[in-house]
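Every chain is numbered from 1, with letters handed out A, B, ... down the list of sequences. What you are looking at is a predicted structure, and each value in this text was computed from that prediction instead of being measured.
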Amino acid sequence: SQQGEEDPQALSIQEGENATMNCSYKTSINNLQWYRQNSGRGLVHLILIRSNEREKHSGRLRVTLDTSKKSSSLLITASRAADTASYFCATDKQAGTALIFGKGTTLSVSS
Amino acid sequence: DSGVTQTPKHLITATGQRVTLRCSPRSGDLSVYWYQQSLDQGLQFLIQYYNGEERAKGNILERFSAQQFPDLHSELNLSSLELGDSALYFCASSVEVLDTQYFGPGTRLTVL
């Protein structure tokens, strides 16, 4: 069964705009991670946020985590055409170690 | 480049055949994970090894098996292949469990 669900499924924006993607999950977690995947290629790790953290930044990325709502958001500021990709959130169940992925948000940034 | 290598990049084979996918984790990583990505199922965890021992099992079919060798590289064996096994197979590694998992470039398997 799906642990994480991203929303929206698809997002189209112009270069320079901000992109926000949301992820909801069902059970308690240790960590939540965000990954990017360019069409049919490998997954690139973006950021890991632990269950006791509320916000984390990495360059143009900002991730928040609300464990009471079991949700996370990924904000990409000042987007570029190179940000065009699918973005996945992945969680680990508290008792396990494997990552459980959502179906992803497909982001399209046009110039 | 994540430091995780996978071979081969592409594999085309026929139904009923058996294939072996290979993964070399990042230097120093003890944990190896295998995932399958297909259009209908998305990214699914298959199996995890830690320092040579099986640690966790996910949605892995009985026709599939894996192992991690003393040098920490891992192999995923897929047998009696069916059309529905066509997918991208990813290997990931981490230093310890609950650490960041770094993914390899994947092996694209096509079963005809």
Undergrad: Within a radius of less than 6.0 Å around CD of A:Gln9, do more than 12 heavy atoms belonging to other residues, nucleotides or ligands occur?
TA: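 Count not over threshold, so no.
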
Undergrad: Decide if atom CD of B:Glu53 counts as having more than 12 heavy atoms of other residues, nucleotides or ligands within a radius under 6.0 Å.
TA: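 Not buried by this count: 12 neighbours or fewer within 6.0 Å.
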
Undergrad: Take atom CZ in A:Arg60; do more than 12 heavy atoms of anything else shown fall under 6.0 Å from it?
TA: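 Yes.
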
Undergrad: Just wondering, more than 12 heavy atoms not from B:Leu83 lying within 6.0 Å of its CG?
TA: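 Counting other residues, nucleotides and ligands, CG of B:Leu83 exceeds 12 neighbours.
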
Undergrad: Please report the closest heavy-atom contact between A:Gln33 and B:Thr100, naming both atoms and the distance.
TA: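 Looking at all heavy atoms of both residues, the closest pair is OE1-CA, 3.7 Å.
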
Undergrad: Using only atom types and a distance under 3.5 Å, with no angle test, would you say the side chain of B:Tyr35 pairs donor to acceptor with the backbone of A:Leu99?
TA: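 Checking the backbone N and O of A:Leu99 against the side chain of B:Tyr35, a donor-acceptor pair under 3.5 Å is found.
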
Undergrad: Indicate the atoms forming the closest heavy-atom contact of B:Gln37 with A:Phe88, along with that distance.
TA: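 Smallest heavy-atom distance, with atoms named: NE2-CZ, 3.9 Å.
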
Undergrad: Using every non-hydrogen atom in the two residues, find where A:Arg41 and B:Phe90 come nearest and quote the distance to one decimal.
TA: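 Distance-wise, the nearest heavy atoms are O-CZ, 3.4 Å.
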
Undergrad: From A:His45 NE2 over to B:Phe103 CZ, what is the distance, rounded to the nearest 0.5 angstrom?
TA: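 Going from the NE2 atom of A:His45 to the CZ atom of B:Phe103 covers 9.5 Å.
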
Undergrad: Quick check: is A:Ile29 connected to A:Leu74 through a chain of hydrophobic side chains (ILVMFWY, heavy atoms under 4.5 Å apart)?
TA: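 Shared cluster, yes.
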
